[in-house]
Amino acid sequence: MSITFSIKGTIDARRSARNYQMKPVDKDVMDAIKNFARAMPIPFDHHVTIRFFQADPTKVLYPFMKSPPNNIAFLSETDIIAISKVGFVGELLILYSQSKNLSTCWYGHYKLAELERLMPHLQSPDQLKEANTGFGYSKGETSGERAICITPLGYYEHSGLRLMDRITEKTVSHKRKEIIALLENQDDFSYLSDDILYALDLGRKAPSAGNSQMWRFGFDDSFNTITVAMPPGYQHFKWEHPNVDIGICACHVWLGLLDRGWQPTVKVCEEAGRAVWKISLA
Ligand SMILES: Cc1cc2nc3c(=O)[nH]c(=O)nc-3n(C[C@H](O)[C@H](O)[C@H](O)COP(=O)(O)O)c2cc1C
């Protein structure tokens, strides 16, 4: 498994962007992203569908934010494991895009009716009613393949009011918890090797809805396996699908171990109603 971009540099550079230039992505960069999307080095079986679509320069698809021309949708079935895999697969494409100097932002609360108009994908118009007050694919598990999340893909607009960015800066900070605060058992901290600490450091930098950082790290197999999951029973008052975020974090942890020269095996299973990722040094 080889990743050609700088893993740590790319993770450190990524930020959710909510202000874009209204110009399309250069063709050669777009071709590179589409090629990467077609042959992503994902270390497990999955059925995540990636669709590139165009949006109009209005504030309809994303609340308060004008859509740039290029956008990506990540689609899958809606069970816990499938949506968690969307997080993992989608984040790898988001990081690849970042390595090409493009900006992105995970959106779970996109306007479903507008997405359907721009990129027809629903099996029946009735499915529009499942969106939570019009946003996202549904409140919980439902039938068929859905757009779990979408992201704009484009060039950051540095000038202008950046109102949304300023609001977000105030309400949802970019700050991250320390590794020790993310351990299921804080006593484990002193047993962690440099490589594991490196991987967890990249894991804690993952994006999450509302910057909730709901992931917790545990260890199996004499510290040769890292587990990534939310605490059993975790619920967020606004975000219905935190297992997506857990997949994103698992992707960062996997990348961290790859970066240190390991070829980790990656498994995900359902335990206590949530996705549990197991990333093992091999
Ligand atoms: C699964 C997921 C869904 C998200 N949904 C939204 C959204 O609907 N609207 C939004 O403005 N930001 C959304 N975000 C972006 C987060 O607010 C952002 O990642 C977090 O505040 C951390 O900031 P950073 O990405 O700049 O590090 C989402 C992030 C994730 C991972």
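Both counts, for ligands and for their atoms, begin at 1 and track the order of listing. These figures come from a predicted structure and were not determined experimentally.
- Residue Asp245 places no N or O, backbone or side chain, under 3.5 Å from any N or O of ligand 1.
- Atom numbering of ligand 1 starts at 1 in the shown order; those under 4.0 Å from a heavy atom of Gly210 are 17 (O).
- By the criterion of a heavy-atom distance under 4.0 Å, the side chain of Arg18, and not its backbone, is placed next to ligand 1.
- Every atom of ligand 1 with a heavy atom of Trp239 under 4.0 Å away is listed here by number and element: 1 (C).
- Ligand 1 has Arg176 within reach: a non-hydrogen atom of the residue lies less than 4.0 Å from it.
- Residue contact annotation: Lys205 has no non-hydrogen atom under 4.0 Å from ligand 1.
- Between Phe53 and Ile72, the shortest heavy-atom distance links the atoms CE2-C, 3.7 Å.
- Interface of His109 with ligand 1, defined as ligand atoms under 4.0 Å from a residue heavy atom, comprises 8 (O).
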Task: From CA spacing to verdict: salt bridge (Lys or Arg N to Asp or Glu O under 4.0 Å), Glu145, Arg51 - done: CA-CA 12 Å; Glu145 192 184 56; Arg51 284 183 64 178; over 6 Å; no

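- In the model, His47 has no side-chain atom that pairs as donor or acceptor with a side-chain atom of Glu77 under 3.5 Å.
- If you number the atoms of ligand 1 from 1 as listed, the ones under 4.0 Å from a heavy atom of Ile248 come out as 31 (C).
- Among residue pairs with one or both ends in residues 75-105, those qualifying as ring pair (Phe, Tyr, Trp, His ring centres under 6.0 Å) are Phe36-Tyr96, Phe44-Phe88, Phe88-Trp254, Phe88-Trp277; sequence neighbours excluded.
- Heavy atoms of Arg14 found under 4.0 angstrom from ligand 1 belong exclusively to the side chain.
- The heavy atom nearest to atom 16 (C) of ligand 1, considering only Pro207, Ala17, Gly87, Ser208, is found in Ser208.
- Backbone and side-chain nitrogen or oxygen atoms of Cys105 are examined, and none is located within less than 3.5 angstrom of a nitrogen or oxygen of ligand 1.
- Hydrophobic cluster membership differs between Phe135 and Met119, with clusters built from Ile, Leu, Val, Met, Phe, Trp and Tyr side chains linked at under 4.5 angstrom.
- In terms of the ring pair (Phe, Tyr, Trp, His ring centres under 6.0 Å) criterion, residue partners of Trp239 (sequence neighbours excluded) are, by chain and number, His109, His241.
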- [ ] Before giving the answer on salt bridge (Lys or Arg N to Asp or Glu O under 4.0 Å), spell out for Asp31 and Lys34 the whole-Å C-alpha distance, their side-chain angles and the decisive distance to 0.1 Å.
- [x] CA-CA 5 Å; Asp31 288 347; Lys34 287 185 175 170; 5.9 Å; no

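- Between the side chains of Tyr110 and Asn71, no donor N or O sits under 3.5 Å from an acceptor N or O.
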